[in-house]
Amino acid sequence: MAALRFSASDPQKFSGKRTDCAILPVGSKLKLDDAGKALAKESAGVMDAALKSGEFSGNVGQTLLVHCPGPAARILMVGVGEGKLERSDYLKISSALARALLASKASDAQMHLGTLKVSGGDWEWFCQRIATDLVYHGYRYALTLSKPKAPPALSRFVLLSDDAAMTRQAKSALNRGAQAGAGINLARELADTPANYCTPEHLAKEARKLARGNDKASCKVLNEKAMAELGMHSLLSVTAGTATPAKLIVLEYKGGKRGNAPHVLVGKGITFDSGGISLKPGAKMDEMKFDMGGAASVLGTMQAVMDMALPLNVVAIIAAAENMPSGTATKPGDVVTSMAGITIEILNTDAEGRLVLCDALTYAERFKPASVVDIATLTGACVVALGSHASGLYANNEDLAEQLLEAGTTSHDRAWRMPLWDDYQKQLDSNFADLGNIGGPGGGSVTAACFLSRFATKYNWAHLDIAGSAWDSAPKGATGRPVGLLTQYLCDRAAGG
Ligand code: BES
Ligand code: MN
Ligand code: ZN
């Protein structure tokens, strides 16, 4: 989708003016409000016929698109049911509207608020949601297709409301929603990109590009030599089997006051996870190109935060490497020393995410952070536990956990709290090192998080296991999660929460 512009306005300014598509919320009693009646009149019977046909029930999320002779070339009716709507209803309405509108050839649209009453702060939330959905559903993967699908035609969306205060709020909410949507789509595109294109260097390029576009941002990329000097031998053990160089990418955004402690996001950036010597089975191994989904979500969030010009200091750290078997690869049983000085027995080279993250978490200490959140497609066990609906959330601080859970609810990019009890920590004991890198068959997502917790001791820390939430298997594609959650979390911090 080319640039999609959003605005909000008084309906008077648009009444009787030509549009490719007028959008009208209609309740299940099919009674039209004033805006609806005016549209029905202009449509010369088309709308009345459609309503009489029985094809449209007005139930939440149902849509019907009709072509008309009037100044509105199309009218898209969107069912909003009857009575009080829950947030889940608004989510259905927003995504149905976005899908139906983008499936048409309309290049501009005007949405009448009409009978769709959203009370209090929910109004802004709903506007934001509509914009995010319109941008989200406009995503088309194109990079490696010789004949990419045409992007949607929509380039302008206007929300019409006769309440001046609401119109003002709607404008900024629509823009924020679009910025969040663009961040989500950046994450999707990076995670969808095949591993022979999306290498650690490719991620570094994307980070540098983001830094170039914002004068409050800067980017530093550490190569393997610099990492070795820092003692990051855990991270380096993962890249030992591949010819593709690993990178530690540090992208800093200083939108806040000088000296204010930054929020740090740490992303797992395994651009391909073959498992290494502990080779994965062949089926679905292609999907391990998205093992940099955490890194992608960090970059998507950084883009959104910078586009929103949030008054916050934010640091992104991405541990980017490829996990491959070869004669130089790390072997099961090898012991390495991490940057923190903790020795690790690598019992399974497929548990590589925690090996790159632990050094990145130690590196994060130098920023004296307000919070550190790491995001990782860390364990298949998390997919077993939570499926794809929730990211697994672990935290060593209750407030941080609450803030992330709440941001997940608001953005409908939800997380579910998991335990970090000492009882699980024992599973990481090793006879030959301070820690083993796997914790046995039970509680695989928990023991992976326990491993990370040993390195996140100097700050408030949370970990999101996104192995299930970041990827859709059918149709195959990245979801862009948890950019929605992270962006909301940082917006909330910027608002003083
Ligand atoms: N990247 C995988 C986790 C994963 C699996 C993500 C499926 C998405 C879908 C991770 O590096 C991994 O291989 N984890 C192992 C850990 C095990 C060896 C302790 C796993 O989950 O099997
Ligand atoms: Mn693995
Ligand atoms: Zn992995």
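Atoms considered below: every heavy atom in the structure, side chains included; atoms not considered: hydrogens, waters and symmetry mates. Remember, it's 1-based here, ligands and their atoms both numbered in the order they're listed.
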Less than 4.0 Å between a side-chain N and a carboxylate O, is that true for R417 and E398?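 Here E398 pairs with R417 in a salt bridge, since their nearest N and O are under 4.0 Å apart.
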Can we say R87 and D122 salt-bridge, meaning some charged N sits less than 4.0 Å from an Asp/Glu carboxylate O?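 D122 and R87: salt-bridged.
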Mind checking whether [X] has an N or O less than 3.5 Å away from an N or O of ligand 1?
X: T379; result: no
X: K268; result: yes
X: A351; result: no

D273: which N/O/S atom is nearest the Mn ion (ligand 2)? OD2
N, O or S atom within E352 nearest to the Mn ion (ligand 2), by name: OE1
Is it the side chain, the backbone, both or neither of [X] that has a heavy atom closer than 4.0 Å to ligand 1?
X: D291; result: side chain
X: L378; result: backbone
X: E287; result: neither

So D472 and K476, salt bridge (Lys or Arg N to Asp or Glu O under 4.0 Å) or not? Walk me through it. CA-CA 5 Å; D472 269 338; K476 278 188 185 182; over 6 Å; no
For ligand 1, which atoms sit closer than 4.0 Å to a heavy atom of E352? 11 (O)
Starting at OG of S234, measure out to CD1 of I346 and round the result to the nearest 0.5 Å.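 S234 OG to I346 CD1: 6.0 Å, rounded to 0.5 Å.
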Euclidean distance, T479 OG1 relative to Y136 OH, rounded to 0.5 Å: 6.0 Å
To 10°, measure the OE2(E352)-the Zn ion (ligand 3)-OD2(D291) angle for me. 100°
Would E252 and K254 satisfy salt bridge (Lys or Arg N to Asp or Glu O under 4.0 Å), going step by step from the backbone distance to the final call? CA-CA 6 Å; E252 278 188 75; K254 292 187 172 145; 3.8 Å; yes
What's the shortest distance from atom 4 (C) of ligand 1 to any protein heavy atom, and which residue and atom give it? G380 N, 3.9 Å
Kindly indicate whether the side chain of L485, heavy atoms from C-beta on, has any atom under 4.5 Å from the side chain of L404.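 Sidechains of L404 and L485: in contact.
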The Mn ion (ligand 2) to D291: any N/O/S contact under 2.8 Å?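 For D291, the answer is no, given that no N, O or S atom comes within less than 2.8 Å of the Mn ion (ligand 2).
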Is the Zn ion (ligand 3) less than 2.8 Å from an N/O/S atom of K268, whether that atom is in the backbone or a side chain?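 Yes.
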Tell me, please, whether Y363 has R366 positioned over its six-membered ring: NZ or CZ under 6.0 Å from the ring centre and within 45 degrees of its axis?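 Yes, a cation-pi geometry.
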Any donor-acceptor pair under 3.5 Å from D465 side chain to S445 backbone: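 Not a single qualifying donor-acceptor pair exists.
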Give the single entry among D273, V384, V238 that approaches atom 2 (C) of ligand 1 most closely by any heavy atom. D273
